[in-house]
Amino acid sequence: MRVRFCPSPTGTPHVGVMRAALFNWAYARHTGGTFVFRVEDTDAARDSQESMDAIVEGLAWLGLDYDEGPGVGGPHAPYRQSERRDLYADVARRLLEEGYAYESWSTPEEVEERHRAAGRDPKLGYDGFDRDLTPAQVQAFRDQGREPVLRVRMPDEDVVVSDLVRGEVVFPAGSVPDFVVVRANGQPLYTLVNPVDDGVMGITHVLRGEDLLSSTPRQVVLHRALVEMGLSQRVPQFGHLPLVLGEGNRKLSKRDPESDLFLHRERGLLPEGMVNYLALLGWSIAPDRDVFTREELVEAFDVRDIGANPARWDQKKAEALNGDHLRMLAPEVLLDRVLPHLRSAGLLDGDPTPAQRRLLEGAVPLVQTRMAVLSEAPGMLGFLLVPDEELVVEEDALGALRPEAADVLDASAAALVDLVDWDAAAVESALRAAVVDGLGVKPKFAFGPLRTAVTGRRISPPLFESLELLGRESSMLRIAALRRRLG
RNA sequence: GCCCCCAUCGUCUAGCGGCCCAGGACACCGCUCUUUCACAGCGGCAGCACGGGUUCGAAUCCCGUUGGGGGCACCA
């Protein structure tokens with residue numbers, strides 16, 4: 001069992017593409033097969049090293065390790081197609097010699113013109129004109145200084161593709177035009193290079209997006225030629241994954257922000273959550289369960305369970321699932337995951353100081369059930385990391401204060417100044433005595449002013465624990481500050 | 001235009017002829033818990049696109065219609 005992931009390095013990693021990688025990886029790991037990573041960089045104009053690096057980073061982030069590929073090597077190295085030119089030139093030559101392909105001189109304009117002249121739809125595609133030219137005709141084209149492309153001859157029978165996900169798919173004879181595999185300038189195209197490498201590298205299963213289904217008959221025909229020429233052992237089995245759609249039922253394109261893997265990472269999706277959600281797009285682990293780990297995915301994954309209908313990207317579901325994974329994390333792991341987000345929010349400069357780390361160790365467990373994505377952490381934890389005088393009291397928190405707020409703050413301050421033990425339990429009973437019992441304010445409203453004073457927000461981690469973490473000095477300063485503000 | 005794919009709650013899906021007057025999850029709406037918000041728990045709303053067959057019996061099989069999507073490059 002050998003599967004592969006073969007992106008072309010253009011742009012940033014796309015969630016649809018990474019999902020294909022995930023399914024291939026999961027299938028390999030489930031079956032004990034080999035996961036090959038190959039780079040399809042035959043389009044020098046669009047390919048970039050940055051994109052290549054980003055894909056590698058994306059795979060690493062998601063935890064999709066590969067057994068063969070750039071950087072790790074393997075029996076079929078090199079794994080970058082730009083380094084395999086000789087092979088392709090060789091195969092192209094043999095394809096021509098053995099009659100599977102032929103030189104084609106027609107320009108697209110000429111093809112269209114012929115269709116028009118014959119009363120056919122001009123957009124029908126290549127018409128096979130150059131299939132059986134006489135030597136004299138060929139010479140005439142040469143004399144004009146033309147350079148031919150190389151086209152593979154499609155058979156005159158139907159091509160039947162047995163798809164792992166969709167069953168038998170029949171492409172009627174004549175519905176797929178002969179296709180170009182080598183440009184006039186000698187550059188091999190994806191149409192050649194992809195089947196050649198799959199064949200030569202012994203790929204047994206090709207799991208890829210449904211957008212490639214209609215190019216499958218061409219690849220099957222080429223694979224058959226490769227097998228007949230002794231260059232490959234088999235035609236791989238194909239399985240076409242349902243497309244991932246964006247808003248408005250369109251294929252998720254690079255233009256859509258949801259398609260950008262790293263944007264989700266910035267938003268604070270965990271790789272665990274991302275893997276889970278991606279796998280759920282077209283696959284399910286059990287009738288009554290949809291939260292699972294990477295290991296559980298590997299354990300349960302089977303291509304036969306992949307559905308055929310397209311799936312819409314649902315950000316809410318992705319984040320809800322992420323919340324589940326976030327809660328499954330050990331607190332110290334969550335702390336580490338949260339740090340980059342605190343840094344990019346400007347709350348942390350490099351590594352936390354020992355004091356900051358202590359605060360975070362206390363606070364992270366308090367916010368673990370309160371986040372779905374990591375980018376919520378700065379808002380929740382910021383009050384602990386910011387100096388007292390820089391605490392921003394948010395507008396809506398101020399607006400929510402009731403008339404008795406000043407009295408509440410006064411009573412609270414009085415109750416807390418001389419508190420003997422500064423811990424959450426002691427703080428709570430002191431405050432309850434002072435505000436709930438003392439002032440007769442209902443518990444639901446009693447602590448709002450304090451929360452606002454101390455955290456600057458209406459919504460925060462639990463108040464008494466927050467006070468404990470913040471410490472008496474800061475707490476008193478903040479209470480006094482808001483009290484002054486209320487006049 | 002041609003070829004191909006798809007069709008169960010708003011969304012992701014379970015269902016592979018009787019277990020289904022269709023199950024789960026997200027979302028949404030209530031309630032409980034509660035120092036805010038969450039989490040958790042409980043409850044609710046909501047679907048087999050339509051029409052023909054086949055069958056004792058169809059969400060499940062077949063055909064058609066409609067709807068949606070993908071592909072038709074000297075891109076990948």
Side-chain angles (χ1 to χ4, degrees), chain A residues 6-10 17 40-43 45-47 104 107-108 120-126 147-151 161 163 165-166 169-172 174-177 179-191 193-194 209-217 240 242-243 245 249-251 277 280-291 305 307-321 323-324 327 366-372 376 380 397 400 428 431-432 435-436 442-448 450-452 455 457-466:
Chain A
C6 53
S8 64
T10 60
V17 169
E40 309 230 322
D41 54 347
T42 51
D43 185 357
R46 298 197 308 162
D47 299 331
S104 172
T107 65
R120 292 182 300 247
D121 181 352
K123 309 201 70 167
L124 230 41
Y126 180 67
E147 292 289 347
V149 298
L150 190 68
R151 279 186 197 275
V161 176
D163 190 278
V165 175
R166 282 144 224 281
V169 182
V170 180
F171 295 85
S175 67
V176 184
F179 59 101
V180 176
V181 290
V182 180
R183 283 173 166 161
N185 67 7
Q187 296 276 303
L189 292 168
Y190 161 83
T191 47
V193 152
N194 180 272
E210 192 200 327
D211 47 341
L212 293 168
L213 181 55
S214 38
S215 70
T216 310
H240 288 90
L243 253 21
L245 309 181
N249 305 30
R250 284 274 154 193
K251 178 170 104 169
Y277 182 66
L280 237 26
L281 256 22
W283 183 79
S284 70
I285 193 164
D288 57 353
R289 187 161 75 109
D290 59 10
V291 180
D305 298 328
N309 35 2
R312 234 172 252 40
W313 182 271
D314 183 346
Q315 188 67 30
K316 285 233 180 84
K317 172 96 176 187
E319 292 187 6
L321 219 42
D324 287 322
R327 265 160 249 127
L366 300 176
V367 299
Q368 189 157 16
T369 59
R370 278 162 245 266
M371 294 192 287
E376 292 172 276
M380 287 263 149
E428 175 171 6
L431 287 174
R432 280 190 189 281
V435 182
V436 180
K442 286 203 171 69
K444 183 156 177 58
F445 304 113
F447 307 112
L450 269 174
R451 186 182 308 283
T452 299
T455 70
R457 310 176 97 223
R458 287 177 66 185
I459 299 169
S460 80
L463 179 61
F464 311 125
E465 288 81 352
S466 297

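Fair warning: this is a prediction, and the values are worked out from it, not measured in the lab. Throughout, protein chains are lettered first and strands after them, A, B, ... in sequence-line order, and every chain is numbered starting at 1.
Here Asn309(A) does not reach the OP1 or OP2 of C12(B): none of its side-chain N or O atoms lies under 4.0 Å away. Proximity of Arg289(A) to the phosphate of A25(B): no side-chain N or O atom is located under 4.0 Å from OP1 or OP2.
Residue-to-nucleotide contacts include no donor-acceptor pair under 3.5 Å from the side chain of Arg457(A) to the base of U36(B). Between the side chain of Lys316(A) and the base of A27(B), no donor-acceptor pair under 3.5 Å is found.
With Asp163(A) contributing its side chain and His240(A) its backbone, the two residues share a donor-acceptor pair below 3.5 Å. Under the 3.5 Å distance criterion, the side-chain polar atoms of Ser8(A) are left unmatched by any main-chain donor or acceptor of Thr10(A). Under a 3.5 Å cut-off, the side chain of Ser460(A) and the backbone N or O of Arg457(A) do not form any donor-acceptor pair.
Positionally, the nearest nucleotide of RNA chain B for Asp121(A) lies more toward the 5' end than for the other of Ala311(A) and Asp121(A).
Using a 4.0 Å heavy-atom cutoff across all strands shown, Arg166(A) reaches sugar-phosphate atoms only and no base atom. Residue contacts shown for Arg312(A) are limited to sugar-phosphate atoms, with no base heavy atom under 4.0 Å away. Using a 4.0 Å heavy-atom cutoff across all strands shown, Ser284(A) reaches sugar-phosphate atoms only and no base atom. Pro443(A) comes within contact range of the sugar-phosphate backbone alone, with a heavy-atom separation under 4.0 Å but no base atom that close. Among the protein residues, Phe171(A) comes within range of the sugar-phosphate backbone only, with heavy atoms under 4.0 Å from sugar or phosphate atoms but none that close to a base. Across all strands, Val170(A) comes closer than 4.0 Å only to sugar-phosphate atoms, never to a base (heavy-atom distances). Within the nucleic acid shown, Gly282(A) comes within 4.0 Å of sugar-phosphate atoms alone, with no base atom in reach, counting heavy atoms only.
Rounded to whole Å, the P atom of A22(B) lies 13 Å from the corresponding atom of G44(B). A gap of 12 Å separates the P atoms of G15(B) and C61(B), to the nearest Å. Between C9(B) and G68(B), the two P atoms lie 16 Å apart (nearest whole Å). Rounded to whole Å, the separation between the P atoms of C3(B) and G10(B) comes to 33 Å. A gap of 10 Å separates the C1' atoms of A46(B) and C28(B), to the nearest Å. Going from the P atom of A7(B) to that of C12(B) covers 12 Å, rounded to whole Å. Here the separation of G53(B) from A14(B), taken at their P atoms, is 30 Å to the nearest Å. Distance noted for atom C1' between C4(B) and C19(B): 37 Å (whole Å).
Within the shown strands, nothing qualifies as a pairing partner of U34(B) under the Watson-Crick or G-U definition with both distances less than 3.5 Å. Base pairing annotation: C72(B) forms a Watson-Crick or G-U wobble pair with G1(B), both donor-acceptor distances under 3.5 Å. Applying the Watson-Crick and G-U wobble criteria (two distances, each under 3.5 Å), A25(B) pairs with U11(B). Summarising the base pairing, G64(B) is matched to C50(B) through a Watson-Crick or G-U wobble pair whose two defining distances lie under 3.5 Å.
The interatomic distance linking Arg458(A) (CZ) with U35(B) (P) rounds to 18 Å, in whole Å. The separation between Leu281(A) atom CG and C6(B) atom P is 18 Å, rounded to whole Å. Between the CG atom of Asp314(A) and the C1' atom of U13(B) there is a distance of 12 Å, rounded to whole Å. Rounded to an integer number of Å, the gap from Ile285(A) CD1 to A25(B) P is 16 Å. In this structure, Glu428(A) places its CD atom 12 Å from P of U34(B), rounding to the nearest Å.
Side-chain atoms of Glu147(A) and Asn185(A), non-hydrogen and from C-beta on, never get closer than 4.5 Å to each other. Counting only heavy atoms from C-beta outward, the side chains of Asn309(A) and Pro242(A) never approach each other to under 4.5 Å. In this structure the side chain of Phe179(A) never reaches within 4.5 angstrom of the side chain of Tyr126(A), judged on heavy atoms. Counting heavy atoms from C-beta on, the side chains of Arg370(A) and Pro462(A) come closer than 4.5 Å.
When all heavy atoms are compared, the tightest approach of Leu321(A) to Asp290(A) is CD1-O, 3.7 Å. For Leu189(A) against Val180(A), the heavy-atom pair with the smallest separation is CD1-CG1, 3.6 Å. Closest heavy-atom contact between Phe447(A) and Leu431(A): CE2-CB, 3.9 Å.
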How does each nucleotide of nucleotides 70-76 of chain B score, in 5' to 3' order, for protein heavy atoms under 4.0 Å: base (B), sugar-phosphate only (S), or none (-)? SS--BBB
Using a 4.0 Å cut-off on protein heavy atoms (strictly under), produce a 5'-to-3' string for nucleotides 42-47 of chain B with B for base contact, S for backbone-only sugar-phosphate contact, and - for none. ------
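Considering only side-chain atoms of Asp290(A), the nucleotide from C37(B), A14(B), G24(B) that sits closest is G24(B). Nearest to the side chain of Lys317(A), among C4(B), C6(B), A25(B), sits A25(B).
Between the CG atom of Leu243(A) and the CZ atom of Arg250(A) there is a distance of 11.0 Å, given to the nearest 0.5 Å.
Atom CZ of Arg458(A) is surrounded by 12 or fewer heavy atoms from other residues, nucleotides or ligands within 6.0 Å.
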